[in-house]
Visitor: 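Handing you this structure, nothing more for now.
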Amino acid sequence: QVQLVESGGGLVQAGGSLRLSCAASGRTFSAMGWFRQAPGKEREFVAGIRWSFGSTRYADSVKGRFAISRDKNENTVSLQMNSLKPEDTAVYYCAARGLPVIAVDTDAYNHWGQGTQVTVSS
């Protein structure tokens, strides 16, 4: 059974850091990503990584502040979030797909975690 389990969310002050992790079980994937959804807004792409080569892609809003990485041995993908802003507040979701392309559309991913809340206070 395929399962993605996120961890690491929480409450942090603006300018602080958090690290999210996503543990994948059941199979390995060719690309994984992080998305977020704030109240009243659509789910949006944050960052993605190709599993084999480690190439990455970021939303403009997080470039230079967030870093995505993967651990092949542990079958996990992480999102290091620095210089957090109140507008980063959202539920963050891990997503995975079988094709080796980092897609920004939610429809491109067929496996999702349950989400973890990130709240940044001003």
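The analysis underlying the following values was restricted to heavy atoms, covering all of them including side chains, and did not include hydrogens, waters or symmetry mates.
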Visitor: Taking all non-hydrogen atoms of both residues into account, name the closest pair between D71 and N73 and its distance.
Guide: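 Closest approach of D71 to N73: OD1-N, 3.0 Å.
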Visitor: May I ask whether Y93 and V104 are part of the same hydrophobic cluster, defined by side-chain heavy atoms of I, L, V, M, F, W, Y residues being less than 4.5 angstrom apart, directly or through others?
Guide: yes
Visitor: Test of understanding: clusters of I, L, V, M, F, W, Y form through side-chain heavy atoms closer than 4.5 Å, transitively. Do M81 and I49 belong to the same one?
Guide: yes
Visitor: Say you draw a straight line from CG of L20 to CD of Q80; how long is it, rounded to the nearest 0.5 Å?
Guide: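 That separation rounds to 9.0 Å.
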Visitor: In the single-linkage hydrophobic clustering (I, L, V, M, F, W, Y; side-chain heavy atoms under 4.5 Å), do V91 and V62 co-cluster?
Guide: no
Visitor: Are D60 and K63 close enough for a salt bridge, meaning some N to O gap below 4.0 Å?
Guide: yes
Visitor: Show the nearest heavy-atom pair for residues A31 and V101, with the distance to one decimal.
Guide: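 Of all heavy-atom pairs spanning A31 and V101, the closest is CB-O, 3.6 Å.
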Visitor: So if you build clusters from Ile, Leu, Val, Met, Phe, Trp, Tyr with side-chain heavy-atom gaps below 4.5 Å, do I102 and F29 land together?
Guide: no
Visitor: Using the rule given for side chain to side chain contact (heavy atoms under 4.5 Å, CB included), can you reason through S21 versus T76, listing the C-alpha separation, both sets of side-chain angles and the distance that settles it, and then say yes or no?
Guide: CA-CA 7 Å; S21 292; T76 59; 5.6 Å; no
Visitor: Under 3.5 Å, is there a donor-acceptor pair between the side chain of E6 and the main chain of C22?
Guide: no
Visitor: Hydrophobic clusters here meaning ILVMFWY residues chained together by side-chain heavy-atom distances under 4.5 Å, can you tell me if Y109 and W34 are in one?
Guide: no
Visitor: Can you measure from CD (Q37) to CD (E44) and round to the nearest 0.5 angstrom?
Guide: 9.5 Å
Visitor: Is there a side-chain contact between R19 and S69, using heavy atoms and a 4.5 Å cut-off?
Guide: yes
Visitor: To the nearest 0.5 Å, how far apart are CE in M32 and CG in L79?
Guide: 11.5 Å
Visitor: Keeping S30 on the side-chain end and L99 on the backbone end, is there a donor-acceptor pair under 3.5 Å?
Guide: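 It does not hold such a pair.
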Visitor: What are the two closest non-hydrogen atoms of S52 and R70, and how far apart are they?
Guide: O-NH2, 3.3 Å
Visitor: Between T89 (side chain only) and V120 (backbone N and O only), is there a donor and an acceptor less than 3.5 Å apart?
Guide: yes
Visitor: With rounding to the nearest 0.5 Å, note down the distance linking CZ in R65 to NZ in K85.
Guide: 4.5 Å
Visitor: Could you note down all residue pairs passing ring-ring contact (aromatic ring centres under 6.0 Å, His included) where residues 36-67 supplies at least one of them, sequence neighbours left out?
Guide: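 Residue pairs passing ring-ring contact (aromatic ring centres under 6.0 Å, His included), neighbours aside: F35-F45.
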Visitor: Please answer whether the main-chain N or O of R50 pairs with a side-chain N or O of R57 as donor and acceptor at a distance below 3.5 Å.
Guide: no
Visitor: Ignoring hydrogens and angles, tell me if any N or O in the side chain of R36 forms a donor-acceptor pair with the backbone of A90 under 3.5 Å.
Guide: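 The answer is no, because no donor-acceptor pair under 3.5 Å joins these two groups.
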